[in-house]
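One structure is given below, encoded as structure tokens.
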Amino acid sequence: MSDLTEGEINAIAEHEHMEPMIAMALGHYLITHDDEQKIKNIIMDDIKHAHRTGHYAHERVLRGVLQHFISSHPQHGDHSQTAA
């Protein structure tokens, strides 16, 4: 249904406090309506939250998710990963 990875869907679910199936639908909507920047912002917010709360292992996982998202959705010129 979506061209998002499991990690990207889980990041949306975490950020929006919803079940992964609902997050997949939201992600699909955002992708099909040219709002990849919103997904990128969600992942970056999750990274910031993980860092602030000391969940550094989760932060590293999310940074990998962000890196993959950016590489598979290069429509946005801003490739900065400053999230801490």
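Side chains included, hydrogens not; waters and symmetry mates left out as well; all remaining heavy atoms used.
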Query raised in the report: Rounded to the nearest 0.5 Å, how far does CZ of Arg63 lie from CD1 of Ile47?
Result: 5.0 Å

**Report entry** Sidechain N-carboxylate O distance under 4.0 Å for Glu36, Lys40
**Finding:** no

Query raised in the report: So how far is it from Ile42 CD1 to Leu62 CG, rounded to the nearest 0.5 Å?
Result: 12.0 Å

**Report entry** Residues which pass side chain to side chain donor-acceptor pair (under 3.5 Å) with Thr32, listed by chain and number, not counting sequence neighbours
**Finding:** none

N/O donor-acceptor pairs under 3.5 Å from side chains in residues 12-20, not counting sequence neighbours:
| from | atom 1 | to | atom 2 | distance (Å) |
| --- | --- | --- | --- | --- |
| Glu14 | OE1 | His58 | NE2 | 2.7 |
| Glu14 | OE2 | His58 | NE2 | 3.3 |
| His15 | NE2 | Asp45 | OD2 | 3.2 |

Requested in this report: Please round to the nearest 0.5 Å and tell me the distance separating atom CG of Leu4 and atom CD1 of Ile9.
Outcome: 5.5 Å

**Report entry** Heavy-atom pair with the smallest gap, counting every atom of Ile39 and Gly27
**Finding:** CD1-O, 3.9 Å

Query raised in the report: What distance do Glu59 atom CD and Thr53 atom OG1 have between them, rounded to the nearest 0.5 Å?
Result: 9.0 Å

**Report entry** Donor-acceptor contact below 3.5 Å, side chain His73 vs main chain Phe69
**Finding:** yes

Query raised in the report: Which pair of heavy atoms, one from Ile43 and one from Glu8, lies closest together, and at what distance?
Result: CD1-CG, 4.4 Å

Report summary line: Rounding to 0.5 Å, atoms NE2 (His51) and CZ (Arg60) come to a distance of 11.5 Å

Query raised in the report: Are side-chain heavy atoms of Asp46 and Val65 found at a separation under 4.5 Å?
Result: no

